[in-house]
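Quick notes on the structure that follows.
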Amino acid sequence: MRWEAKHDRDAFKEVWLLFDNDQGRFPLYTGDSVWIEYAYTVSDTKWGRWFQRAVRLPTEHLEVTLAFPSRSIRWCGAPRRR
């Protein structure tokens, strides 16, 4: 799957998934479903209290999993693991 960076600034990033590759397009039609998995890393100097996802198509189910380094758990306001 190709992607295109629409905005690439220190405080704001926006990437569009294009649903195509060198072999052609693969649109997501009504009633279809897809699993998209990706990862990215944010350095300590750029981290802050932000997290936002724009979903521009009708979406029945969206699941997001976040993995934080253990040293940041208390900073995020999450309960401390015992």
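Atom set for the values below is all heavy atoms of this structure, side chains included, hydrogens, waters and symmetry mates excluded.
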Inset, instruction - To the nearest 0.5 angstrom, please state how far the NE2 atom of H7 sits from the CH2 atom of W16. - result: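 Rounded to the nearest 0.5 Å, the NE2-CH2 separation comes to 8.0 Å.
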Inset, instruction - Nearest 0.5 Å please: distance from the CG atom of L17 over to the CG atom of L28. - result: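 Going from the CG atom of L17 to the CG atom of L28 covers 11.0 Å.
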[X] vs [Y] side-chain heavy atoms within contact, under 4.5 Å:
| X | Y | result |
| --- | --- | --- |
| E4 | L18 | yes |
| V34 | F26 | no |
| M1 | F19 | yes |

Legend entry - For R9 against K13, the heavy-atom pair lying closest together: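 Here R9 and K13 meet closest at O-NZ, 3.0 Å.
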